[in-house]
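The figures here come from the full heavy-atom set of this structure, side chains too, leaving out hydrogens, waters and symmetry mates. Lettering follows sequence order; numbering is per chain, from 1. Worth saying up front: this structure is predicted, and the values here are computed from it rather than measured.
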Amino acid sequence: MATLNTALISHPRQHRLPTPTQNPISITVNNDRFFANHPILLLIDQCTGTKQLKQVHAQMLRIGLFFDPYSASKLITAFALSPSSSLGYARKVFDQIPQPNLYTWNILIRAYASSPDPDHSLLIFLQMLVQCPELPNKFTFPFVIKAAAELSASRLGRGLHGMAVKASLGSDVFILNSLIHFYAACGCLDMAYQVFVNIPRRDVVSWNSIITSFAQGNCPDEALELFRVMEAENMKPNDVTMVGILSACAKKLDLEIGKWVHSYIERNEINGSLTLNNAMLDMYTKCGSFEDAKRLFDKMPEKDIVSWTTMLAGYAKLGDYDAALRVFNAMPSQDTAAWNALISAYEQSGKPKEALAVFNELQLCQSAKPDEVTLVSTLSACAQLGAMDLGGWIHVYIKRQGIKLNCHLTTSLIDMYSKCGDLEKALEVFHSVDTRDVFVWSAMIAGLAMHGCGRDAIYLFTKMKETKVKPNAVTFTNLLCACSHTGLVEEGRDFFNQMEPVYGVLPGVKHYACMVDILGRAGRLEEAMKLIKNMPIAPGASVWGALLAACRLHGNVDLAEQACGCLLELEPWNHGAYVLLSNIYAKLGKWDKVSGIRKLMRDSGLKKEPGCSLVEVNGVVHEFLVGDNSHPLCEKIYMKLDEISARLKSVGYVPNKSHLLQLVEEEDVQEQALYLHSERLAIAFGLLTMGPSQPIRIVKNLRVCGDCHSVAKLISRLYDREIFLRDSCWNEVQQSLPIDKGILSKPTHHVAILLVETL
DNA sequence: TTAGGGTTAG
């Protein structure tokens, strides 16, 4: 039996096809030209694996049948598309065909379009345009458009659309359906819908394509409405339609409609495929009916890794991490996606340390390897913890593994570096990539906003518009934050007013909260109140919170009481609201009111979160609670604190007593001793254990009090050390002092303290 | 002379 290579070498391209009668193993041949019924070709369909196909290949080469384009196409099809396909091998075989026909080109383009390397599909298509004497046909376009969709290759896909129209294939329903998918994948839902409405005769796939596009494009209401129209037009939905509809229900978190869809599927006897059952499981876990999910899971005749992972994520969502772990261990196999579900479950429920612990375990395990999704979740956990050593390590890992930065990873890296206080690294990542989607731009705008570079953030927004990337709701939230941080009232108002008419983005609660914050900080409290009163949507807690913070800034008690009342109505557990209001009273010397609030808090049994600061030293995150004495280096830390206190006194520092008089979140007597605040323990630990050139990066779960902020600034000067202090309001409250830095300029001072306002 | 487009977890 010849090996592939020897067979290929012994049959050079100029080999002439023998006539069928010369063929030693030929049985019957239809006529002189066609080999469709040649026994070797019939054998291809019976092959069960690559090994057998290779044997057939060798035989075909031996008798010359391989050099008949039709026969070769049958072989290529088997290699490229069979369940045990070997695409790389198919490509090698393809390259040996003297003149592949259009069918063969199409098969290869099709196989690569659904492979992990859809770019090969496009490259082969380009090669085909040059080498194949036939023009692309109605079978070519759906595949090559699919490849463009997979790659979100917007310009190329549009070009293909144009080519199809020029080739008089503009009304082919297969091509148009794939174009719906392509435009949606590129984020152009409008174009996808335009294509859909202009299809002369829509079939069920047309409907499925547009419904899925809307469901996945965060427009679940539109998807459900289209389903209604589909029914009204008597187009019978199939299982794929229902997968899209269930995905829309899951997005809407609407259990009622989800249950209705479940019964609709049963009533209409729609084929309950594995995918459909998985989509239903997902809907139930997302919509909060775990019992229904469990019932369905238990009776599913077939389960795959998606079913198991969905259940795992469902338990994690309930906060039952033990059960999630049990599912993880009970799964027939744990692939990367299962690990990812566990990591992201922890990361998204505010348990970043646990997420990193699972990530460490994954690295030790042999059977799965971190992928891009893992890295995105892990980077987010690092961002939450301010763990820049580990985040930076992941960045190096990405480079070493040769992983190309996609937009998700780029966004995560920018977010991680920004939140860890290294704006320059974030900008370095931003400038290093060629492709930037709306999330990448928005993350960079957020990074600049966090660091007080509001004008740079606005400048970046203008650059973003030049590249024709359409801003979304996230972009505007970040942009408005930037205006708020830098006190750009008029600019903020302009952006807010342009959102819907110019950019088609409906202002949501977050945008109103930002606007209230912008106006409130500028002292325009009445204007802020007027904005809230005229809101077309219900003002959420963030809106009242912003107003309350502004009232504190400007000492407006009446409005503060009103805002606090509304806030507590929405979030009766909101400890911070009580604290803010009581501080307003304290500021104005209304001590009876302060005591009243203390009593109210005690009576309502509100449990406060203890103050906690994290600091990463050499890749290990250390945690300090207020007044903590559990750390192994505790004694040394307190000695360092004494030394710090002495040095502070020597330069004339006097503790700001007003912070003691006010009700702060750390209200216990012991906790009120300012010098025991957790951030100070973390700073002392950082000074003790880190090299003199290493910046100390601290993340605090609550707000940093004013005195601690002043102390941190002083320590930074006295010890000539960069200290980054990030608190709970880092992202949304816009309470940082503007630090004027240009996009690429270096900080002028060695001190870079962020987040500076106090309670 | 062969064929295709739309589907779920993270």
- Message: Treating A/Ser178 as the side-chain partner and A/Ile145 as the backbone partner, does any N or O pair qualify as donor plus acceptor under 3.5 Å?
- Response: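 Here the side-chain-to-backbone pair does not exist.
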
>> Please check: side-chain N/O of A/Gln334 versus main-chain N/O of A/Phe328, any donor-acceptor pairing under 3.5 Å?
In response: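 Answer holds: yes.
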
What is the separation between atom [atom1] on [X] and atom [atom2] on [N], rounded to the nearest whole Å?
| X | N | atom1 | atom2 | result |
| --- | --- | --- | --- | --- |
| A/Ile76 | B/dT1 | CD1 | C1' | 17 Å |
| A/Phe143 | B/dT2 | CZ | C1' | 12 Å |
| A/Glu302 | B/dT7 | CD | P | 19 Å |
| A/Asp335 | B/dA9 | CG | P | 14 Å |
| A/Tyr70 | B/dT1 | OH | P | 10 Å |
| A/Asn278 | B/dT7 | CG | P | 15 Å |
| A/Trp339 | B/dG10 | CH2 | C1' | 15 Å |
| A/Leu75 | B/dT2 | CG | P | 18 Å |

Check DNA chain B against residues 237-249 of chain A and give the residues with a non-hydrogen atom under 4.0 Å, in numerical order.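 Listed by number, they are A/Asn238, A/Val240, A/Val243.
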
Q. Is the ring of A/Tyr103 stacked on the base of B/dT2, with centres less than 5.5 Å apart and planes under 30° off?
A.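 Here A/Tyr103 meets both the 5.5 Å and the 30° conditions.
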
So is the aromatic ring of A/Phe139 stacked onto the base of B/dG4, judging by whether the centres are under 5.5 Å apart and the planes are under 30° apart?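 Here A/Phe139 fails the 5.5 Å or the 30° condition.
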
Donor/acceptor link under 3.5 angstrom from [X] side chain onto base of [N]:
| X | N | result |
| --- | --- | --- |
| A/Asn101 | B/dT2 | yes |
| A/Asn106 | B/dA3 | yes |
| A/Thr212 | B/dT7 | no |

Report task. Apply side chain to side chain contact (heavy atoms under 4.5 Å, CB included) to the pair A/Tyr103 and A/Phe139, showing each step before the final yes or no. Result -> CA-CA 8 Å; A/Tyr103 175 89; A/Phe139 294 106; over 6 Å; no

Determine the contact category for A/Lys286: base if any of its heavy atoms lies under 4.0 Å from a base atom, sugar-phosphate if only primed atoms, P, OP1 or OP2 are that close, otherwise nothing.
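Result for A/Lys286 = sugar-phosphate.
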
**Prompt:** Does a side-chain N or O from A/Lys146 land closer than 4.0 Å to OP1 or OP2 of B/dT7, or not?
**Reply:**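 No, outside the criterion.
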
